[in-house]
Participant: 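Have a look at this one.
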Amino acid sequence: LNGVAAARSELIVWDWATLCAGGGFPSGDRVHLTSDGYRERNRHIAEAATAMMVSTTLSGNHVALPNESGDPTAFSPVTPIRVLDTRRTGTTSDNEGVVRVDLDSVVPVNTTAVAVNLTTTGTSQSGFFTAFDCATTRPDVSHLNHAPQQDRGGFAIISMPASRELCVYSYADSHVIVDLQGSFSANASLKFATMTPNRILDTRRTGRAEIFSPIRVSVSPIASAASVTLTVVGADEPGFLSAYPCAGTIPNVSNVNYLTGEPVAGSAFVPLTDGDLCIVTSSSVDVIVDLNGTFSEDAPLRFVTSNPRRLLDTRSGIGGWTPIHARNARIEVPAAPPNAEAVTGTITIVEPVSQAFLVAEPCDAMTDTSVVNSTAGGVLANTATIPVSDGALCITAS
């Protein structure tokens, strides 16, 4: 059935044993459902049928763009470094808790924003992280989502106050890990060059590497750093992926955390060695790399921070698109001023009816890439830097 479903997009196959074992389907003899059990099963069938047949329409207004919160700045990458790990400090974030991260010693004095990877571990319930400038009120956005007992990572670019303190809010009890990838400031020299996202590595075609054996990926002979989306699929066991400049030793950081067999995506700003970046994984898994842009001194674009704002939420109609993001529907989201050439933001996929991914791309292009992946029923997020056309981003659901 799974083989047929892979070839026929109109067929959805459920792993009924796993679904039923998850609860909510009362049965007196563990074979036949009770009346309530049949009602619950029919509700699931109705949801799946609706998702297959529904059309996505623009029935409301787009959200007004947030205000700029800083002057244009350039980027200064660092070899990824772990700046916080509450497993080592003995502190955790309780429910609705906030952990403060002092970056004063690792970023320049005039830093206006930082690029970080956030990781949750040791949590007992579902939740999410929001990273924000400690000098401001926590915004109503998220940077990573997780289920109970799941290690999850999430990339983020966060405005930085003069105190150079970063705050991380956790909805659920959790250990918090923060890895620094670079900073933005007026004195930095690397600017950004966009490109239509393109796939530069897919080990499903080239073959997997050995565990902790570096995969060298050629990016650009003239770039100093790259913006990439990193995706893993088909892991033999749980693990993590780390991306880093090929010179030097493998750093003690992570970019993507994954479970057995699941597809998961993460993003990163990675310094390059002779135009290349390197990747290692802690278990046998296929690795996909999509290139979104490069940093160099001769590139044209600088980064402008803004106050975080949710621009789209199909659950509640924020951004105007309802009632759900239908399969193969391509929706347009005004995400930046018309003169902007790229936008950085977090895209979250919520409870797809089957294994799925989202494509985010400029509306005047079609790409063979993805930005966030999930198994059926999952909630996963990824932050990416994507080119826009007339300030708009187009998002397609598989």
Participant: Suppose the criterion is ring pair (Phe, Tyr, Trp, His ring centres under 6.0 Å): which pairs have a residue in residues 208-252, not counting sequence neighbours?
Facilitator: none
Participant: Under the salt bridge (charged side-chain N to carboxylate O under 4.0 Å, His left out) definition, can you give me all pairs with a residue in residues 241-269, not counting sequence neighbours?
Facilitator: Arg152-Glu262
Participant: What is the minimum heavy-atom distance between Asn117 and Ser254, and which atoms define it?
Facilitator: ND2-O, 3.1 Å
Participant: Would you check if there is a donor-acceptor pair between the side chains of Thr121 and Asp151 at a distance under 3.5 Å?
Facilitator: yes
Participant: Has Asp104 got more than 12 heavy atoms of other residues, nucleotides or ligands less than 6.0 Å from its CG?
Facilitator: yes
Participant: Between the side chains of Thr383 and Ser267, is a donor N or O closer than 3.5 angstrom to an acceptor N or O?
Facilitator: no
Participant: Hey, does the side chain of Ser398 reach the backbone of Ala356 with a donor-acceptor pair shorter than 3.5 angstrom?
Facilitator: no
Participant: Which residues pass the side chain to side chain donor-acceptor pair (under 3.5 Å) test with Ser69, sequence neighbours left out?
Facilitator: Thr305
Participant: Name all residues meeting the side chain to side chain donor-acceptor pair (under 3.5 Å) criterion together with Thr369; count only those two or more places apart in sequence or in a different chain, and write none if there are none.
Facilitator: Thr367
Participant: Not counting sequence neighbours, which residues clear ring pair (Phe, Tyr, Trp, His ring centres under 6.0 Å) with Phe269? List them please.
Facilitator: Phe75, Phe155, Phe295
Participant: Is atom CG of Asp313 surrounded by more than 12 heavy atoms (other residues, nucleotides or ligands) closer than 6.0 Å?
Facilitator: yes
Participant: With Asn373, which residues qualify under side chain to side chain donor-acceptor pair (under 3.5 Å), at least two apart?
Facilitator: none
Participant: I'd like to know if the side chain of Ser370 and the backbone of Val359 have a donor-acceptor N/O pair within less than 3.5 Å.
Facilitator: no
Participant: Are more than 12 heavy atoms, taken from residues, nucleotides or ligands other than Arg315, located less than 6.0 Å from that residue's CZ atom?
Facilitator: no
Participant: Just checking Asp274: does its CG atom have more than 12 heavy atoms from other residues, nucleotides or ligands closer to it than 6.0 angstrom?
Facilitator: no
Participant: Would you please name every residue forming a side chain to side chain donor-acceptor pair (under 3.5 Å) with Gln355, sequence neighbours left out?
Facilitator: none
Participant: Verify the distance criterion only: is there a donor paired with an acceptor across the side chains of Asp286 and Thr203 at less than 3.5 Å?
Facilitator: yes
Participant: Verify whether one side chain among Thr322 and Ser59 offers a donor that lies under 3.5 Å from an acceptor in the other.
Facilitator: yes
Participant: Would you say Asp236 has more than 12 foreign heavy atoms packed within less than 6.0 Å of its CG?
Facilitator: yes
Participant: Does the pair Val101 and Val83 meet the rule for a side-chain contact (heavy atoms from CB on, under 4.5 Å), with working shown?
Facilitator: CA-CA 8 Å; Val101 189; Val83 293; 4.1 Å; yes
Participant: For residues 356-377, pull every pair meeting salt bridge (charged side-chain N to carboxylate O under 4.0 Å, His left out), keeping only residues two or more places apart or in separate chains.
Facilitator: Arg330-Glu361
Participant: What donor-acceptor contacts under 3.5 angstrom involve side-chain atoms of residues 195-202, with partners at least two apart or in another chain?
Facilitator:
unit_1: Arg199; atom_1: NE; unit_2: Asp290; atom_2: OD1; d: 2.7
unit_1: Arg199; atom_1: NH2; unit_2: Asp290; atom_2: OD1; d: 3.4
unit_1: Arg199; atom_1: NH2; unit_2: Asp290; atom_2: OD2; d: 3.1
unit_1: Asp202; atom_1: OD1; unit_2: Arg204; atom_2: N; d: 3.0
unit_1: Asp202; atom_1: OD1; unit_2: Arg204; atom_2: NE; d: 2.9
unit_1: Asp202; atom_1: OD2; unit_2: Arg204; atom_2: NE; d: 3.3
unit_1: Asp202; atom_1: OD2; unit_2: Arg204; atom_2: NH2; d: 2.8
unit_1: Asp202; atom_1: OD2; unit_2: Arg205; atom_2: NH1; d: 2.6

Participant: Would you say Arg309's side chain and Ala64's backbone share a donor-acceptor pair under 3.5 angstrom?
Facilitator: yes
Participant: Show your reasoning for whether side-chain contact (heavy atoms from CB on, under 4.5 Å) applies to Val217 and Ile279.
Facilitator: CA-CA 8 Å; Val217 185; Ile279 294 169; 4.2 Å; yes
Participant: Would you say Thr111's side chain and Ala113's backbone share a donor-acceptor pair under 3.5 angstrom?
Facilitator: no
Participant: Have His175 and Thr86 got a donor and an acceptor in their side chains that come within less than 3.5 Å?
Facilitator: yes
Participant: Could you tell me whether the side chain of Asn382 and the main chain of Val371 form a donor-acceptor pair under 3.5 Å?
Facilitator: yes
Participant: Assess whether side-chain contact (heavy atoms from CB on, under 4.5 Å) is satisfied between Val114 and Val107, documenting all intermediate values.
Facilitator: CA-CA 8 Å; Val114 290; Val107 298; 4.0 Å; yes
Participant: Flag yes if more than 12 heavy atoms outside Glu68 fall under 6.0 Å of its CD atom; otherwise flag no.
Facilitator: no
Participant: Among pairs that include at least one residue of residues 343-379, which meet ring pair (Phe, Tyr, Trp, His ring centres under 6.0 Å), considering only residues two or more places apart or in two chains?
Facilitator: none
Participant: Looking at Ile45, I want to see if its CD1 is surrounded by more than 12 non-hydrogen atoms of other residues, nucleotides or ligands under 6.0 Å.
Facilitator: yes
Participant: Could you pull out all residues at least two apart from Tyr258 that satisfy ring pair (Phe, Tyr, Trp, His ring centres under 6.0 Å)?
Facilitator: none
Participant: Applying side chain to side chain donor-acceptor pair (under 3.5 Å) to Asp173 and Ser124, what does each step give before you reach the verdict?
Facilitator: CA-CA 7 Å; Asp173 62 299; Ser124 62; 3.0 Å; yes
Participant: Under the ring pair (Phe, Tyr, Trp, His ring centres under 6.0 Å) rule, what pairs show up with a residue in residues 111-146, not counting sequence neighbours?
Facilitator: Phe128-Tyr169, Phe128-Tyr171
Participant: Which heavy atom in Leu166 sits nearest to a heavy atom in Val178, and how many Å separate them?
Facilitator: CD2-CG1, 4.3 Å
